[in-house]
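Note sheet for the following structure.
Each chain gets a letter, A, B and so on, in the order the sequences are listed, and its residues count up from 1. Worth knowing before you read on, the calculation uses all heavy atoms, side chains too, and leaves out hydrogens, waters and symmetry mates.
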Amino acid sequence: MDLKFLDFEQPIAELEAKITELRNVEFDNSINISDAIKQLEDRSRSLTETIFAELSDWQISQLSRHPGRPYTLDYIGLMMTDFHELHGDRAYADDPAIICGLARLDDQPVVIIGHQKGRDTKEKIYRNFGMPRPEGYRKALRIMKMAERFQLPIICLIDTPGAYPGIGAEERGQSEAIARNLFEMAKLKTQIICTVIGEGGSGGALAIGVGDRLIMMEYSTYSVISPEGCASILWKSAEKSQLAAEAMGITSDRIREQGFLDEVVREPLGGGHRDFVTTAKNLKETLLRHLAELKQQSLDDLLASRYQRIMNFGVFTE
Amino acid sequence: MSWLEKLRPSFIKTDTATKRTTVPEGLWSKCPNCSAILYNSELEKNYSVCPKCDHHMRISARMRIDMFLDENNREEIGKTIKPLDPLKFRDIKKYKERLVVAQKQTKENDALVVMKGRLKGQDIVVAAFDFSFMGGSMGSVVGERFVRGINKSLELGVPFIVFTASGGARMQESLFSLFQMAKTSAALTKLSEAGIPYISYMTDPTMGGVSASLAMLGDINVAEPNALIGFAGPRVIEQTVREKLPEGFQRSEFLQEHGAIDMIIDRRLMRDKIADILAILMASKAPGAIPAETAEPADDAAFAA
C-alpha cells in the first residue's frame, strides 16, 4: 500500500522502503530473513510512535488533508449498511461535493450527510476538491428536512477546505445557502451528530455542522480560515502557515481545550489512512454511544439543550 | 518647478505648503468615488451620500444609528460586554493590542452597537456594525450583543433591524468567531417563531461569515446602492477561477438581479421606507394600535429624490 508519506514522516518512509525491499529479497530467494524484517518493523513502529507523539499543529493540519485519509464514502462503506444515495437540490443541480443518503448504522436507520473529496485527479475535479456550491448545501437541507419528517437521526461528516469561492456559487447565493442551513439546523426536530473527519474549513464546514454533538477525529482540524489564508492576511505571507495554525488552535486537542467538543475519536498509530477499518470502527462505536444518549431525551429537551449549547458559544467579559 | 515659478520674481512667490495648512481640517471631504470635494456639513446633511454621484460612504455604527432612530427614547443594549482574548492570539501584533488600537480609534468596545429606540414612533431594536473596528469582524462580543438585541426584541415584541458592514468572522478568535455564525442564526429562529419582523440592511461591505449567517436571513433583505456583498472576496474568487470577474460582480444591483435581496434602498430614504415596511408587517400584530406614523418632521422629505 502506498502510504504517501508526508515530509515529517521521511525517516519512517525510509525504514518502510527497506522493509519492502527485504521482503522482496525473501520472496525471490526463499531465504529466511523474517527476523531482520521483524526487527525493522519494530523500529518503524517505535519511530512512528516517537514522531506522532510530538506532532506540531501544522503537521496535524497536513495529516487532516492527507490524500489517503478515509473520506465520507469510505466511512459509509465501513460503518453503515443499506446505503441509498440521494441526489440533487430539486432546483438547480446535484453537487457531488456533498453526499446525502439513507442508511443503517448498526440496524438503526439514519440520514447521512458528508463532504466528499476525490482520490484521483479525475474524481477530485468531479468532487470539486470537497468544496460545495450552494446546491450542495441546499441538497443537504432538503434531506435534513426529510429526516425531520421521518424522525431519522442525522449523521454529518465534515471534510472540506471550505465552500467553493466561484462566480456561479456567488450568483446562486452561497452566503444564503450556508446561512439557511445554520438557521434550520438550530431548530431541526431530530438528533444531529456532527463529526469532523478531516478538514473543517470555516463556514463551508459549519453549514453541515450545527447539532447536538460535535466530535472530531484525532488528526482532523477545524478553523475559521485555513492556516494559509490566515497567514496571508495577518502575516502578509502564506509561508507563515505554521504560525497561523498554532495561533488559531485548530487541532482536536486544542479545540477540546476550548470547550467545543464532546469527544475526540482516537486514530490508529500513524493516522487514519494507515488503517481504515480500525478508524471507522472507532468512529462507529462513538456515534452509537452518542446516538443512544440523545435518543433518551425528549424532542423538547433535545432542542432546548441544542439551543443553549449554541448560545454558550463565545468568550467575553461583562 | 514649473516654468511659471521660474519666471516669477522670488519676492512674489507664495508658499503653497503653508497656505494649505491654513485651511481648517475636517471641513472638506473628497468623495472616494467621483473625487468631488464636498463640504462636510453639506455631506452630513445628505446622510454621508455624495450629492454629486450618490456614492454611499461608509459610516460608523453610531452615526448610522443616529441617522436612523428618532432622537428620543434611546437605550443601548449590551454596552458592558467587552472582548477577551481566549486564544492568546498573536500574529505580527497581539490581538489584545489590536483591540486597544481599535477601541481608541473608534471609541467603541467592539464592532457592533445595539440600541433600543424608535423609528417614526414605532419601537424597534437596531444593531449596527462598525467597519472601522477591525473591519467590522464578528467575534464573541458581536455575537453576544446581537443575541441580546434579539432577546430585547422578543421581550418587547418589536422588530429587529441590523445594518451590516463587515469583512466576516474575526480570525483572532478562530472557532469562537466561526460559531458566532451559528449563534446569531439560531437566535434569529426565535424571532421567526414569534412572528417578529427581522430586516437585514446590508451596507458596504458585507462579506464572509457575516454575509453567510445573519445578513442573509432577513424576512426582508435590503442593501444600500453599490455595496459589496458576498461570501468569498473578489480577489480569492479571481485567484480560484483564474478569470476576470464580471462588471458589477457582488454589488447590490447584481444581488438583486440574482434574487438574493428584496430591494435596494437609498440611505436618504431608509427611515421612510423601513418605517413603512415595518408598519405593514406589524399591522396584524396590534390591530388599530399603531397607525402609520404621520407626524414626522420634514427632515426626511427633503431627500426624496
Closest approach of [X] and [Y], non-hydrogen atoms and distance?
X        : Y        : result
A:Glu170 : B:Gln250 : OE1-NE2, 2.9 Å
A:Ala186 : B:Ala186 : CB-CB, 3.6 Å
A:Glu171 : B:Phe254 : CG-CZ, 3.3 Å
B:Arg90  : A:Ala247 : O-CB, 4.0 Å
B:Ala212 : A:Ile178 : O-CG2, 3.7 Å
B:Met181 : A:Leu206 : CB-CD2, 3.8 Å

Quick one: of [options], who has the most non-hydrogen atom pairs under 4.5 Å with chain A?
options                                : value
B:Lys190, B:Glu238, B:Glu257           : B:Lys190
B:Leu87, B:Thr184, B:Val236            : B:Leu87
B:Met216, B:Met207, B:Glu243           : B:Met216
B:Gly259, B:Ala260, B:Ala187, B:Pro234 : B:Ala187
B:Lys88, B:Lys93, B:Glu193, B:Gln180   : B:Gln180
B:Pro246, B:Pro86, B:Gly143, B:Ser211  : B:Ser211

Identify which part of [X] has an atom lying under 4.5 Å from any heavy atom of chain B, answering side chain, backbone, both or neither.
X        : value
A:Val210 : side chain
A:Leu234 : both
A:Phe183 : both
A:Leu243 : neither
A:Ala207 : neither

What distance separates [X] [atom1] from [Y] [atom2], expressed to the nearest 0.5 Å?
X        : Y        : atom1 : atom2 : result
B:Glu144 : A:Phe313 : CD    : CZ    : 13.0 Å
B:Arg235 : A:Ser232 : CZ    : OG    : 8.5 Å
A:Thr317 : B:Asn109 : OG1   : CG    : 10.0 Å
A:Leu182 : B:Leu188 : CG    : CG    : 10.5 Å
B:Ile237 : A:Tyr164 : CD1   : OH    : 9.0 Å

Under a 4.5 Å heavy-atom cutoff, which of [options] has the most pairs with chain B?
options                                : result
A:Met248, A:Glu184, A:Glu257, A:Met185 : A:Met248
A:Gln174, A:Gln258, A:Arg309, A:Lys240 : A:Gln258
A:Ser175, A:Ala169, A:Ala179           : A:Ser175
A:Gly314, A:Ser223, A:Gly229, A:Pro165 : A:Pro165

Under a 4.5 Å heavy-atom cut-off, does chain A meet the side chain of B:Ala182, its backbone, both or neither? both

Side-chain donor-acceptor pairs under 3.5 Å in residues 155-178 of chain B, sequence neighbours left out?
{"unit_1": "B:Thr164", "atom_1": "OG1", "unit_2": "B:Thr206", "atom_2": "OG1", "d": "2.8"}
{"unit_1": "B:Ser166", "atom_1": "OG", "unit_2": "B:Gly136", "atom_2": "O", "d": "2.7"}
{"unit_1": "B:Ser166", "atom_1": "OG", "unit_2": "B:Gly168", "atom_2": "N", "d": "2.9"}
{"unit_1": "B:Ser166", "atom_1": "OG", "unit_2": "B:Gly168", "atom_2": "O", "d": "3.3"}
{"unit_1": "B:Arg170", "atom_1": "NE", "unit_2": "B:Ser137", "atom_2": "OG", "d": "2.7"}
{"unit_1": "B:Arg170", "atom_1": "NH1", "unit_2": "B:Tyr95", "atom_2": "OH", "d": "3.0"}
{"unit_1": "B:Arg170", "atom_1": "NH1", "unit_2": "B:Asp110", "atom_2": "OD1", "d": "3.3"}
{"unit_1": "B:Arg170", "atom_1": "NH1", "unit_2": "B:Asp110", "atom_2": "OD2", "d": "3.3"}
{"unit_1": "B:Arg170", "atom_1": "NH2", "unit_2": "B:Asp110", "atom_2": "OD1", "d": "2.7"}
{"unit_1": "B:Arg170", "atom_1": "NH2", "unit_2": "B:Ser137", "atom_2": "O", "d": "3.1"}
{"unit_1": "B:Glu173", "atom_1": "OE1", "unit_2": "B:Ser140", "atom_2": "N", "d": "2.9"}
{"unit_1": "B:Glu173", "atom_1": "OE1", "unit_2": "B:Ser140", "atom_2": "OG", "d": "2.8"}
{"unit_1": "B:Glu173", "atom_1": "OE2", "unit_2": "B:Tyr95", "atom_2": "OH", "d": "2.6"}
{"unit_1": "B:Ser177", "atom_1": "OG", "unit_2": "B:Arg170", "atom_2": "O", "d": "2.5"}

Can you check side chain to side chain contact (heavy atoms under 4.5 Å, CB included) on A:Glu176 and B:Phe231, steps first, answer last? CA-CA 9 Å; A:Glu176 195 275 345; B:Phe231 178 66; over 6 Å; no

Compute the centroid of each ring, for A:Tyr222 and then for B:Phe179, and state whether the two points are separated by less than 6.0 Å. yes

Is A:Lys187 atom NZ crowded by more than 12 heavy atoms from other residues, nucleotides or ligands, each under 6.0 Å away? yes

Just checking, B:Lys183 and A:Tyr307: is the charged tip under 6.0 Å from the six-membered ring centre and within 45° of the axis? no

Exactly one of B:Arg148, B:Lys79, B:Lys82 should register a salt bridge (charged side-chain N to carboxylate O under 4.0 Å, His left out) with A:Glu318. Which one does? B:Arg148

